[in-house]
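Below is one structure; the comments refer to it alone.
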Amino acid sequence: MIKKFSFLIGILLFSLHFGQKKEQLQQQNAELKKQIAKINTDLAKTRNESKLSISYLTSVNQKLALREKVYNNTQKEKRFIEDEIYLRQLEINRQNRELAVLRKNYAQVLVNAYKNKGVQNKVTFILSSKGFGEAMRRVQYLKQYSDYQDKKAAEITNAAVELKKSVEKKRRSAVEKENLLVNQQKDLTTISVERKQKEQLVNEFKKNESKLAGELKQKQTQSKALEGQIRSIIAEEIRRAKAEEESRKKAEAEKIRLAKIASDREKARIDAENKAKAEALERERKLAEAEAKKAAEFAAKRAEDERKRNEEAAKSEASAKDEARKIAAKKASDDAALKSREAANKLAAARAAEAALEKKTDDDKKAAETKALTNYGVSTSAGNNFAANKGRLAMPAYGTITHRFGRQPHPVFKNIVEENNGIKISVAKGTSAKAIFPGTVSQIMPAADGTKTVLIKHGDYFSIYSNLSSNTVSKGQQVSAGTTLGTVAQDFDGSFTLDFQIWRGDTPVDPLGWVSN
């Protein structure tokens, strides 16, 4: 029984795990197929525009990689189904054995019932009882025997139904596996076709290697020249920024000096204006302190007198005269205590007035200092926060990244190594490049091939957008994030590619560490 229960639990756990994993694989494949469909659409659009472009080859490679992921997921799914069919067959075998045992037991019950004909003839069996009690026991026995037969028959029926269900589930899994195998074969055929397409594309590249390599080297020469211009412009920007910063600091220091003089003058006026008030309040406080001290001493004396009167009255027999003295002493003590409290309150008010005047003087001085700094134009603005947005900046244009930052081997011509100061993004025809962050257009640089480069300054950082066919901004213009800068131009290989860079001072950095794609 324990073995059977453990087996059932194992089947249940496997089915649950299988269902979850299978669903995950199917969801992944659905998403991968969406990506493949999008790449196919993009390839159909750019096939005539860029027959021998790195962008086109990159998309083909991406599609092939996605196809292989789909195939691998299908392989995993097939293994899950095979495991399920195997475990289902084990379950069917177990159920067959149980059904055989149930049928054998039930057959034995029927044989025994046939041999015991008295039990078959229920009326005779009951009437042949020796007494009423025995007759009732025989009725109860016949009922239990009948129930037992019904129970065994029901067990056989239920076991047969469960067996039929298991066989049907196995059949469905087998059909699912067959469909999966058909789809796998289609995937393999498609992968084979796309691999041939890639090979043909690479062969086309190699046939045109000398031409494409020459154009690539020419483009690299132009890029080097552009890099030299960018470095010169950024160096000049840094030099100018340093000079402006030094000049600003000197001007700021002079403003602060003049503001301090004006502030000190105003503070002296405030001190002089409040001096008389402070002296008057100090006199009042001192008088209140003296009065409070005197009142407290007088109250203490009266309280002591009252205590002595009470003691004397307690020692001698009280008389009307003693009672009058006692009452008079208490009244004098109460009056003295009241005057002491009034004097203490007056002293507290005097001290509060002094503190209020002191606070008002300090506040007036601070206000005078702030006003002087404002009047002299002392800057309190926050610095540039480009660096604080690292990893959250938007892409300048959305498409396929064909070239990454740094020293990279050419994807086809292995003897050519490219040095990239940024990334290259292959986009659809007519796509515009957009500013990634607020800044100032530092320079618009025309290239020998007619394209434009826009350089934007963001404090200590620069963003650079090259290979634009046109520009919609001008030098010195303030731009915000998302401002359109120009349209991306067609590259020498027929694709439309934006060359995008980010520099920290005079050092290029990997844009993919800054933008969120």
Side-chain angles (χ1 to χ4, degrees), residues 53-55 212-242 386-387 390 393 395-397 399 401-411 413 415-427 433-437 439-471 473-476 479 485-493 495-515:
S53 71
I54 297 303
S55 168
L212 291 172
E215 290 174 341
L216 178 60
K217 286 180 180 177
Q218 185 180 352
K219 189 72 176 179
Q220 287 177 332
T221 301
Q222 290 176 1
S223 296
K224 280 292 179 185
L226 179 62
E227 181 187 339
Q229 286 182 283
I230 290 170
R231 287 191 181 279
S232 297
I233 291 167
I234 290 177
E236 178 58 23
E237 285 281 358
I238 292 171
R239 186 200 64 75
R240 190 185 302 123
K242 283 182 180 177
F386 183 89
K390 185 176 182 180
L393 301 171
M395 288 285 284
I401 297 172
T402 57
H403 297 71
R404 294 181 176 268
F405 178 82
R407 191 174 174 82
Q408 305 286 341
H410 192 275
F413 308 132
N415 59 327
I416 296 177
V417 176
E418 297 179 291
E419 189 72 44
N420 301 316
N421 287 330
I423 59 172
K424 291 183 181 178
I425 309 166
S426 176
V427 297
K434 296 182 179 180
I436 61 169
F437 196 76
T440 306
V441 178
S442 177
Q443 193 66 259
I444 309 289
M445 293 172 283
D449 59 359
T451 60
K452 310 280 181 64
T453 294
V454 175
L455 192 150
I456 300 177
K457 188 175 188 295
H458 315 279
D460 297 331
Y461 291 81
F462 299 86
S463 59
I464 302 164
Y465 313 78
S466 298
N467 200 44
L468 302 179
S469 61
S470 61
N471 59 284
V473 291
S474 54
K475 183 179 178 180
V479 297
L485 307 176
T487 305
V488 178
Q490 193 170 27
D491 212 344
F492 74 92
D493 63 357
S495 62
F496 292 84
T497 305
L498 174 67
D499 187 345
F500 173 61
Q501 303 176 24
I502 293 177
W503 290 52
R504 182 173 55 231
D506 57 359
T507 305
V509 296
D510 186 357
L512 292 180
W514 291 78
V515 295

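Keep in mind that this is a model prediction, so the values were computed, not measured.
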List for me each residue that meets side-chain contact (heavy atoms from CB on, under 4.5 Å) alongside Thr487, sequence neighbours excluded, and say none if there are none.
Ser432, Ser469, Ser470

Do Ile436 and Tyr465 come close enough that some side-chain heavy atom pair is under 4.5 Å?
yes

Asn421: partners by side chain to side chain donor-acceptor pair (under 3.5 Å), with sequence neighbours left out:
Glu227

Determine whether Phe386 and Asp460 make a side-chain contact, defined as any pair of heavy atoms from C-beta on separated by less than 4.5 Å.
no

Measure across His458 and Gly439 and return the closest heavy-atom pair with its distance rounded to 0.1 Å.
ND1-CA, 3.8 Å

For Ser426 and Thr402 the tightest heavy-atom approach is CB-CG2, 3.8 Å

For Thr440, check side chain to side chain donor-acceptor pair (under 3.5 Å) against everything at least two apart and list the hits.
Gln478

Before you tell me yes or no, could you show the steps for Ile423 and Leu498 under side-chain contact (heavy atoms from CB on, under 4.5 Å), namely the whole-Å CA-CA distance, both residues' side-chain angles and the distance that decides it to 0.1 Å?
CA-CA 8 Å; Ile423 59 172; Leu498 174 67; over 6 Å; no

Going by ring-ring contact (aromatic ring centres under 6.0 Å, His included), name the residues that satisfy it together with Trp503, two or more places apart in sequence or in a different chain.
none

Tell me the closest heavy-atom pair linking Pro396 and Ile425, and the distance in Å.
CG-CD1, 4.1 Å

Just list the side-chain donor-acceptor pairs under 3.5 Å for residues 444-454, sequence neighbours left out, or say none.
from, atom 1, to, atom 2, distance (Å)
Asp449, OD1, Thr451, N, 3.1
Asp449, OD1, Thr451, OG1, 2.7
Lys452, NZ, Asn471, OD1, 3.2
Thr453, OG1, Ser466, OG, 3.1

Spacing of Ser442 atom OG and Lys475 atom NZ [to the nearest 0.5 Å]:
7.0 Å

Can a donor-acceptor pair be found, under 3.5 Å and without considering hydrogens, that links the side chain of Asp510 to the backbone of Phe405?
no

Could you report the tightest heavy-atom contact between Lys434 and Leu485, atom names first, then the distance?
C-CD1, 4.0 Å

Can you tell me how far the CD1 atom of Ile234 sits from the CD atom of Gln443, to the nearest 0.5 Å?
11.5 Å

Can you tell me how far apart CG (Asp491) and CG (Asn467) are? Round to the nearest 0.5 Å.
5.0 Å

I'd like to check the salt bridge (Lys or Arg N to Asp or Glu O under 4.0 Å) partners of Glu236; sequence neighbours left out, ordered by chain and number.
Arg239, Arg240

To the closest 0.5 Å, what do you measure between CD (Glu237) and NZ (Lys242)?
13.5 Å

Residue pair Leu226 / Asp499, side-chain heavy-atom distance below 4.5 Å:
no

Taking side chain as C-beta onward, heavy atoms only, is Trp514 less than 4.5 Å from Tyr461?
yes

With Phe462 via ring-ring contact (aromatic ring centres under 6.0 Å, His included) - residues at least two apart:
none

Taking Asp506 for the side chain and Ala235 for the main chain, is one N or O donor matched with an acceptor at less than 3.5 Å?
no

